[in-house]
Amino acid sequence: MNLPPVVQHESELIQNAKLRSRLRTALVRWFAEHARDLPWRRDPTPYKVWVSEIMCQQTQIANVIPYFERFIKRYPDEASLAASDEDELMRLWEGLGYYRRARSLRTAAQKIVELHDARFPLTYDDVIALPGIGRYTAGAILSISQNQALPILEGNTIRVFSRWIAMQTPVDEKTSQNQLWQFSQSLLPTGKSALACRDRGPAAVNQAAMELGALICTPREPKCLVCPVAKFCDANTMGLQSIIPGKVTKTQYEARNEFAAVVRGPNGRLLVRQIPAGARFAGMWDFPKAGPPEAENAAQFTQWLEHQLGGTIELGAVVQTIKHAVTKYRITLHAHVAAWTRDATDLPDNYQFVTAAQLTKLPMSTTGRKLLDRL
DNA sequence: AATGCGGGGAC
DNA sequence: GTCCCAGCATT
């Protein structure tokens, strides 16, 4: 097979600081004009920027906004977050996904109260030591809130920077990542005046690079014709913007059938349980639910349920079929009504009969909430 | 280096 | 359906 030779392009942007300076000027000028009005940009305190950054991880900005508003209203500062009730916190996070983020946020707030007098720390080493905060998030918080000259690298900037320098190697490789981090650092201004000015310092440069990725330098069909820095972009010059960055390993999706039971108790209460620590959806409340390998079909689910609860289960009609995508899984959830004949008075561990009204205050898995809402 | 973690929006 | 999103922690 004949493949074109891979030629590592030497980007002038990497060599030439003056060129980067001109790019930066055009970039922040564009940002001043086109930045979206996001709630955490109005008063970018370290605390608010922190919360927004955690919420934004692997999540589209538009989905974050209402969550952010509610969160800040309920937990306006580090101390109130540290003292938060876990169920209430998870209820506020419900639907946003990656629930470990919320727990880490709370744990970190408690550390901040203990170690930093309830004020968000302002050095990189202190910040990255907090749970849930890695290199990107630490740099983002301190650059955006404090205008510190710390680099960032995430979904948007990986794409933007790799296009600017026409990176030919796969962006997920270690050497590529190192080069992109280095480029990100080299893009930041070092002059005293810029570091004293949010509008053209690291706060603006980092946010502008991400904003460009979100609004102009998009994954598919980047809007190069209206890009404010197109003339600095090697991929654009070379006509490579549609193939850089190359695609990463593609996801293998897996179809999966799961089963849930709606069991009614006294006064129409519903049988639910809080999922134990360590499992997926830990801490969230849900109807009795199982899938492979415990339950491949309705009969096995019935057996599993009898084993869980004791007594006998009579599985009835399907009340809902819910399609749900979770990471690589494509789940079809078959929700049945079920009659439970108990042989003991005690409910098994974690299980409880609760009213629908109580469930509105408890955190549930998304499928659990959907099922409840349509009962 | 690879994998798990949730969900939703764009196309 | 497929891709991707202001990543991190764990193995």
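Everything numeric in this text was worked out from a predicted model, so none of it was measured. Order of the sequence lines sets the chain letters (A, B, ...), proteins ahead of strands, with each chain counted from 1.
Screening Val226(A), Ile216(A), Val229(A) for a side-chain contact (heavy atoms from CB on, under 4.5 Å) with Trp30(A), the sole residue that qualifies is Ile216(A).
Checking Glu211(A) against Tyr253(A), the closest nucleotide of DNA chain C that is more toward the 5' end is the one next to Tyr253(A).
Atom OH of Tyr67(A) is separated from atom P of dA6(C) by 17 Å (rounded to the nearest Å). Distance Glu53(A) CD to dC8(C) C1': 13 Å, rounded to the nearest Å. When rounded to the nearest whole Å, the span between CZ of Phe31(A) and P of dA6(C) equals 13 Å. One atom, CZ of Phe161(A), and another, P of dA6(C), lie 14 Å apart when rounded to the nearest Å. Spacing between atom CZ of Arg106(A) and atom P of dC8(C) amounts to 22 Å, rounded to whole angstrom units. Across the protein-nucleic acid pair, Trp181(A) atom CH2 and dA6(C) atom P stand 15 Å apart, rounded to whole Å. Atom C1' of nucleotide dA6(C) and atom CD of Gln207(A) are separated by 10 Å, given to the nearest angstrom. Atom CD1 of Ile133(A) and atom P of dA9(C) are 8 Å apart (whole Å).
Remark: Arg163(A) does not engage Asp234(A) in a salt bridge, criterion side-chain N to carboxylate O under 4.0 Å. Using a cut-off of 4.0 Å between Lys/Arg side-chain N and Asp/Glu carboxylate O, Glu254(A) and Arg330(A) are scored as not salt-bridged. Ion pair Lys361(A)/Glu88(A) not flagged as a salt bridge, since none of the NZ, NE, NH1 or NH2 atoms sits closer than 4.0 Å to an Asp/Glu carboxylate oxygen.
Within a 6.0 Å sphere centred on CG of Asp349(A), other residues, nucleotides and ligands contribute 12 heavy atoms or fewer.
Trp40(A) comes within 4.0 angstrom of a nucleotide base, judged by non-hydrogen atoms across all strands. Here Ile141(A) lies out of heavy-atom contact (under 4.0 Å) with every strand. Among the atoms of the strands shown, none is found under 4.0 Å from any heavy atom of Ser52(A). Looking at heavy-atom distances under 4.0 Å, Arg159(A) makes contact with sugar-phosphate atoms alone, never a base.
When the C1' atom is compared between dC5(B) and dC5(C), the two are found 14 Å apart, to the nearest whole Å. For dA6(C) and dC11(B), the P atoms lie 14 Å apart once the distance is rounded to whole Å. Comparing the P positions of dG8(B) and dA9(C) gives a spacing of 24 Å, expressed to the nearest Å.
A sub-4.0 Å separation between OP1 or OP2 of dA6(C) and a side-chain N or O of Thr137(A) is absent.
Side-chain contact between Arg269(A) and Val354(A) is absent, with no heavy-atom pair separated by less than 4.5 Å.
Taking the six-membered ring where tryptophan is involved, the planes of Trp304(A) and Phe301(A) are essentially parallel, since the angle between them stays under 30° and well short of 60°.
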Q | Footprint string (nucleotides 1-11 of chain B, 5' to 3'): B base within contact, S backbone only, - free, heavy atoms under 4.0 Å | A | S--BBBBBS--

